[in-house]
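As structure tokens, the structure follows; a few thoughts come after it.
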Amino acid sequence: MCDFGQHHHQERADFGFLVDAPEIRALVDDTRRLTAEIADTAARVEALRPAFAKLLASNDWLPKEYGEPDLKSGMGGGIGQYALYRAEDGSLCLFSLVIPSGSQTPIHDHLAWGLIGVYRGVQDETVYRRTDDGSDASKAHLEIARQQTVKPGEFYTLLPPLDDIHYVKTVSATPSISIHLLANDTACVTRHRFDAASGVVTPFRSGYSNAKCADSLP
Ligand SMILES: [Fe+2]
């Protein structure tokens with residue numbers, strides 16, 4: 001019975017509100033409500049804009065340790081990925097991504113709709129469009145669709161397959177912190193890295209810096 005209790009406690013620590021702040025609860029509540037009310041994904045994401053903008057504009061809800069780089073990162077480059085909220089059924093997550101100054105993510109996908117915005121620092125985002133038919137899982141032909149600079153309070157939306165493949169680089173002297181609201185358990189889903197030059201596609205899981213995936217792998 002004691003063992004069961006400890007196991008249960010561990011699971012609770014990895015899911016739900018890992019950071020229990022009213023600002024985070026408000027956004028998750030709004031997301032739940034709008035997901036139930038609006039069947040069309042594009043319309044739902046559009047309706048979520050004000051709630052997401054409000055979180056980005058609020059201060060003092062992100063613990064200091066979840067705004068710092070992680071040298072043991074599964075993403076490499078000292079990139080920290082910190083779960084703030086995770087639905088136990090894998091239908092929604094909120095996390096902070098911390099990229100040191102000058103570092104960049106690999107080119108990657110997300111495989112879920114959502115909103116991504118910069119909270120601190122400045123990022124350059126490069127978005128790719130895929131020009132092959134996707135029939136070969138190990139290869140992709142990518143073209144740059146657009147590049148943009150994203151500053152604190154600014155955000156963009158993901159509506160896969162549209163705009164789902166990108167990389168971001170921190171161009172500020174301080175680490176960038178971006179906030180991600182996505183309709184999966186992003187760090188525990190098998191996603192893809194892309195090498196734009198060779199076209200090679202590699203499956204990967206980034207893992208969270210502060211929480212385990214359900215099957216205990218990173
Ligand atoms: Fe991303």
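Ligands are counted one by one from 1 in listed order, and the atoms in each one are counted from 1 as well. The residues of the chain are indexed from 1 along the displayed sequence.
No donor-acceptor pair under 3.5 Å is formed between the side chain of S96 and the backbone N or O of I177.
With rounding to the nearest 0.5 Å, the separation of CG in L84 from CG in L62 is 6.0 Å.
With respect to Y208, the side chain to side chain donor-acceptor pair (under 3.5 Å) criterion is satisfied by exactly one of D14, T186, D185, D70: D185.
Classified by interplanar angle (parallel below 30°, tilted 30° to 60°, perpendicular above 60°), the ring pair Y119/W61 is tilted. The aromatic rings of F95 and H180 sit parallel, their planes meeting at an angle under 30°, below the 60° perpendicular limit.
Listing protein N, O or S atoms at distances below 2.8 Å from the Fe ion (ligand 1), with waters left out, gives H108 NE2, H110 NE2, H166 NE2.
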Under 3.5 Å, which donor-acceptor pairs link side chains of residues 43-55 to any protein atom two or more places apart or in another chain?
unit_1, atom_1, unit_2, atom_2, d
R44, NE, I38, O, 3.0
R44, NH2, I38, O, 3.1
R44, NH2, A39, O, 3.0
E46, OE1, R49, NE, 3.3
E46, OE2, R49, NE, 3.2

